[in-house]
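Values below: all heavy atoms of this structure, side chains included; hydrogens, waters and symmetry mates excluded. All residue numbers refer to positions in the sequence shown, counting from 1.
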Amino acid sequence: MKITDLLTKETMILALQAKTKGEVIDELAEKLAEAGAVSDVEVFKQAIWAREKQSTTGVGDGIAIPHTKTAAVKRPAVAFGRSVEGIDYESLDGKPSHLFFMIAAPEGGEQMHLEALARLSSMLMDASFRAQLETASSEEEIIRLVAAKESEQEAPQQAVQAGNGRKVLAVTACPTGIAHTYMAADALKAKAAEMGVSIKVETNGSDGVKNALTAQEIEEAAAIIVAADKQVDMDRFDGKPVIQVPVARAIREPEKLIEQALRQDAPIYRAGGAARGSVGAAKPRTGFYKHLMNGVSNMLPFVVGGGILIAISFTFGIKAFDPNDPSYHPFAKLLMDIGGGNAFALMVPVLAAFIAMSIADRPGFAPGMVGGFMAANGGAGFLGGLIAGFLAGYLVVGLRKLFSRLPQSLEGIKPVLLYPVFGIFLTGVIMMYVVIDPVKALNEGLKHWLSGMGTANLVLLGAVLGGMMAVDMGGPINKAAYTFGLAMIEAGNFAPHAAIMAGGMVPPLGLALATTFFKKKFTKAEREAGKTCYVMGASFITEGAIPFAAADPVRVIPSIIVGSAVAGALTMLFGIGLPAPHGGIFVIPIVKGSAWLYILAILIGSIVTALMVGLWKKEVEE
């Protein structure tokens with residue numbers, strides 16, 4: 001697939017009207033929608049903003065490459081926008097951006113179009129090519145320039161060997177694996193060629209690992225540069241100097257990284273994440289939150305899928321899955337068996353396995369899975385799974401250090417024999433004799449404590465949990481509240497999660513109401529986005545509020561926090577419980593207590609948000 005199949009006259013804007021980053025995203029997204037490449041422009045923009053939250057796609061040198069991969073894309077496409085004056089896109093170099101390429105990739109996209117998108121990212125590293133794009137007078141000229149550059153890149157290129165015979169290796173990876181991965185690779189290769197250094201770069205992109213480094217190449221290399229914003233295979237670099245930096249550093253400072261690698265001014269990497277070496281060298285991103293979120297993000301599909309199936313089962317009757325109950329229905333039993341007996345049963349083991357894997361890479365997966373399974377079956381539940389994940393991960397890290405003294409001839413049996421056997425055994429023993437019983441007792445105590453709380457304390461708890469859902473709309477605070485709600489469901493206390501789901505539904509619903517009743521306070525694009533927020537809010541997708549919060553954080557964020565806190569407090573006051581972990585309005589019929597009072601709590605919270613936003617915001621000029 002050629003780039004010119006993705007970038008057409010219909011997806012170009014040679015003179016952007018936008019003045020801000022948000023307006024650029026809106027204008028290019030609408031252009032893609034007009035061209036028929038995007039089916040749901042609001043969902044697409046949400047995905048673009050989600051990528052921007054990870055790190056800016058303003059890569060510097062006047063370029064910004066917003067990109068995403070989402071089901072809202074019907075066909076792969078690229079939108080091009082140009083601003084002569086320049087727009088502040090929060091670029092890495094702090095300078096205005098003039099050239100904007102918005103990359104839209106569908107989920108499950110074919111390898112061909114991903115490779116084409118990678119070529120486009122590589123082209124933009126050429127300063128002369130960028131200058132030609134800035135002065136092109138028509139869409140046809142831009143297409144000719146792109147086609148010519150693409151043909152030039154397809155010509156085979158020979159690697160330049162270093163005069164001293166030393167080689168440098170690199171690995172690049174960004175969260176979506178579309179643009180930054182390949183731009184970093186090309187920046188390193190271009191600078192290495194200029195410096196006369198032999199380099200090989202492995203890319204971990206959307207279409208998998210390309211140009212993979214071999215064991216012999218790693219052995220011969222002076223050092224390895226790992227420019228990555230996501231996890232890559234690190235064990236193979238054991239004993240080598242490794243420079244670990246964000247992928248943006250490779251785009252902006254390839255020469256410094258290559259020089260540092262040639263000097264071997266880098267920590268010696270030790271399998272398990274420990275590194276030693278030069279003072280001030282870049283350190284890998286680690287921490288409790290990173291490991292926890294790796295577990296939670298991989299667990300969520302089981303939670304959502306299984307939870308919705310359980311909720312549908314309840315619509316036949318709360319006990320319709322029980323063959324001994326008069327309301328028994330075979331389909332309800334099937335849904336409960338799949339959702340509760342299988343998907344939900346895997347929730348805690350998957351959580352623990354991926355926490356352990358984040359800490360210790362693949363050797364931590366099996367001990368984490370077994371520890372999580374023991375926690376789930378032993379009554380230690382969600383909290384036990386958390387402990388199992390961290391326990392297994394750090395046990396394997398310790399085993400790696402212990403076994404590092406073994407002869408080199410035994411290296412091959414460590415991942416297939418030593419780590420699994422000792423990791424599973426030690427994790428299992430500690431879980432069985434140290435962790436499970438105390439955590440089970442703690443869960444029971446927490447359950448009784450919540451059950452015995454007075455109304456005033458419950459209302460306060462509901463306000464805090466509801467407000468947390470709106471603070472960062474899908475970020476760490478939101479996820480912390482949601483995770484607590486899941487633990488309470490598993491412990492048999494359904495009240496906290498009712499407050500959490502109400503708090504998560506309010507931000508998009510409140511903003512949708514505001515755009516409907518305070519139309520003069522919003523642009524036409526925002527009013528259109530407000531319509532989508534009705535659906536997103538009703539479906540418990542808090543992220544629907546992100547564009548509004550990004551455009552006007554001072555007024556919007558406090559408004560949605562207050563509205564969500566009110567909704568959460570009211571659900572507790574009304575004595576509402578929710579046994580389903582997800583589903584929005586689709587699971588309201590199965591709440592414990594009055595479904596109408598639950599709806600009322602959500603509506604009141606949404607109205608509070610709408611009134612605050614509507615009265616606080618100023619009228620806009622269109």
Side-chain heavy atoms of F100 within contact of I65, under 4.5 Å: no

Test side-chain contact (heavy atoms from CB on, under 4.5 Å) applied to M12 and R82, E139, K31, the passing residue: E139

Salt bridge flag under 4.0 Å for residues E23 and K19: no

T70 backbone acceptor or donor facing T68 side chain under 3.5 Å: no

T203-T172 side chain donor-acceptor pair, cut-off 3.5 Å: no

Side-chain donor/acceptor of T11 to backbone N/O of T8, under 3.5 Å: yes

From CA spacing to verdict: side chain to side chain contact (heavy atoms under 4.5 Å, CB included), I243, I224: CA-CA 6 Å; I243 303 166; I224 295 96; over 6 Å; no

Side-chain donor/acceptor of E141 to backbone N/O of S137, under 3.5 Å: yes

Side-chain donor or acceptor of E27 paired with backbone N/O of Q17 under 3.5 Å: yes

Residue pair G537 / P508: nearest heavy atoms and the distance that separates them: CA-CG, 3.3 Å

Pairwise side-chain contact, I199 with L169, heavy-atom cut-off 4.5 Å (strictly under): no

Charged tip of K617 within 45° of F522 ring normal and under 6.0 Å: yes

Atom pair CG/OH of L99 and Y89 - distance to nearest 0.5 Å: 13.0 Å

Heavy-atom closest pair, residues I63 and S91: O-OG, 4.3 Å

Approximate separation, where rounding is to 0.5 Å, of I25 CD1 and K45 NZ: 9.0 Å

Under-4.0 Å salt bridge between K95 and D88: no

Gap between atom CD1 of I142 and atom CZ of R144 - 0.5 Å precision: 10.0 Å

Whether E217 side chain and T214 backbone form a donor-acceptor pair below 3.5 Å: yes

Side chain to side chain, L145 and F129, heavy atoms closer than 4.5 Å: yes

V84 backbone acceptor or donor facing H98 side chain under 3.5 Å: yes

M234/V226 under side chain to side chain contact (heavy atoms under 4.5 Å, CB included): CA gap, chis, key distance, verdict: CA-CA 9 Å; M234 295 292 294; V226 177; 4.1 Å; yes

Any donor-acceptor pair under 3.5 Å from T515 side chain to A512 backbone: yes

K520 side chain vs E619 backbone, donor-acceptor pair below 3.5 Å: no

Verdict with reasoning, F548 to C533, per side chain to side chain contact (heavy atoms under 4.5 Å, CB included): CA-CA 10 Å; F548 295 92; C533 277; 3.7 Å; yes

Atom pair CD1 (I602) and CE (M501), whose distance is rounded to the nearest 0.5 Å: 8.5 Å

Residue from V168, L213, V171 passing side-chain contact (heavy atoms from CB on, under 4.5 Å) with K200: L213

L188 vs I258, side chain to side chain contact (heavy atoms under 4.5 Å, CB included): CA-CA, chis, key distance, verdict: CA-CA 8 Å; L188 289 167; I258 293 171; 4.3 Å; yes

Backbone N/O of L509 and side chain of S606: donor-acceptor pair under 3.5 Å: no

Side chains of S97 and S83 in contact at under 4.5 Å (non-hydrogen atoms): no

pair P66-W49: side-chain heavy atoms closer than 4.5 Å: no

Heavy-atom closest contact (A481 atom, M469 atom, distance): CB-SD, 3.9 Å

Side-chain touch F80/L14, heavy atoms, less than 4.5 angstrom: yes

Min side-chain heavy-atom separation L16-L28 under 4.5 Å: yes

Nearest non-hydrogen partners of A610 and L513, listed with the distance: CB-CB, 3.7 Å

Pair K21 + E52, salt bridge at N-O below 4.0 Å: yes

Check: K9 and E140 side chains under 4.5 Å, non-hydrogen atoms: yes

Aromatic plane relationship, Y482 with F540 - under 30° parallel, 30 to 60° tilted, over 60° perpendicular: tilted

Shortest non-hydrogen contact between K191 and P254, atoms and distance: CB-CB, 3.9 Å

Partners passing ring pair (Phe, Tyr, Trp, His ring centres under 6.0 Å) against F365 (at least two apart in sequence or in another chain): F354

Interatomic spacing from CD1 in I48 to OG1 in T57 - rounded to 0.5 Å: 7.5 Å

Distance-only side-chain donor-acceptor flag, Y534 / T516, under 3.5 Å: yes

Presence of salt bridge, E202 and R236, under 4.0 angstrom: yes

Donor-acceptor contact present, side-chain T609 to main-chain G510, <3.5 Å: no

Heavy-atom closest contact (T542 atom, G504 atom, distance): OG1-O, 2.9 Å

Gap between atom NZ of K524 and atom CG of D26 - 0.5 Å precision: 13.0 Å

